[in-house]
Amino acid sequence: MITYGTELKINVHVEPLDNMSMANYEFECTFYTDANRRVTIKKADMKMEDVDNFIAVIETSNIKKLGRGKLMLEFTAFIPDSDFSDGKRTEKAIINTNITIV
């Protein structure tokens, strides 16, 4: 549990997809405590630790954007794939961060 107002650094790690590390495709992370309160952070706004680990910084003090409750992460990857008309395949995963904002 963390107290509302805490600034979080969350390491986002994904095993290679189609033999590509996170550094080789675009992605974004949407953090939320309920469906109406979401904060999206794009890859470009994260700090790369290494090719498979990126750091997202989240300020919990803006209650209108994030809220209190169990912090979840929706990871959306845009994988290069010529079988799709836009040249990208979208893959999503929902991750429980095991963090509760109180």
* **Set of side-chain contact (heavy atoms from CB on, under 4.5 Å) partners for T30, sequence neighbours left out** => R38, T40, E74

* Asked: Can you tell me how far CG of L71 sits from CD1 of I99, rounded to the nearest 0.5 angstrom?
  -> 5.5 Å

* Asked: Tell me, which pairs form a ring-ring contact (aromatic ring centres under 6.0 Å, His included) where one or both residues lie in residues 70-102, sequence neighbours left out?
  -> F27-F75

* Qualifying residues under side chain to side chain donor-acceptor pair (under 3.5 Å), relative to T97, sequence neighbours excluded -> none

Enumerate, atom names and distances included, each donor-acceptor pair closer than 3.5 Å involving a side-chain atom of residues 41-49, sequence neighbours excluded.
residue : atom : partner : partner atom : Å
K42     : NZ   : E28     : OE1          : 3.0
K43     : NZ   : M22     : O            : 3.2
K43     : NZ   : A23     : O            : 3.0
K43     : NZ   : Y25     : O            : 2.9
K47     : NZ   : E49     : OE2          : 3.3

* How far does OH of Y32 sit from CZ of R37, to the nearest 0.5 angstrom? -> 15.0 Å

* Structure fact -> NZ of K70 to OG1 of T33, rounded to nearest 0.5 Å, is 11.5 Å

I'd like a table of donor-acceptor pairs (distance under 3.5 Å, sequence neighbours excluded) in which one partner is a side-chain atom from residues 12-21, with atom names and distances.
residue : atom : partner : partner atom : Å
H13     : ND1  : D52     : O            : 2.8
H13     : ND1  : N53     : OD1          : 3.2
H13     : NE2  : E15     : OE2          : 2.9
D18     : OD2  : R89     : NH1          : 3.1
D18     : OD2  : R89     : NH2          : 2.7
S21     : OG   : N24     : OD1          : 2.8

* Structure fact -> By side chain to side chain donor-acceptor pair (under 3.5 Å), T100 pairs with (sequence neighbours left out) none

* Report the C-alpha separation of F31 and I10 in whole Å, then their side-chain angles, then the decisive distance to 0.1 Å, and conclude whether the side chain to side chain contact (heavy atoms under 4.5 Å, CB included) test is met. => CA-CA 11 Å; F31 296 90; I10 296 180; 3.8 Å; yes

* Structure fact -> Contacts of D83 meeting side-chain contact (heavy atoms from CB on, under 4.5 Å) (sequence neighbours excluded), chain-then-number -> D81

* **Distance (rounded to the nearest 0.5 Å) between I101 CD1 and L66 CG** => 4.5 Å

* Asked: Do you know the tightest heavy-atom contact between K9 and V57?
  -> CG-CG2, 4.3 Å

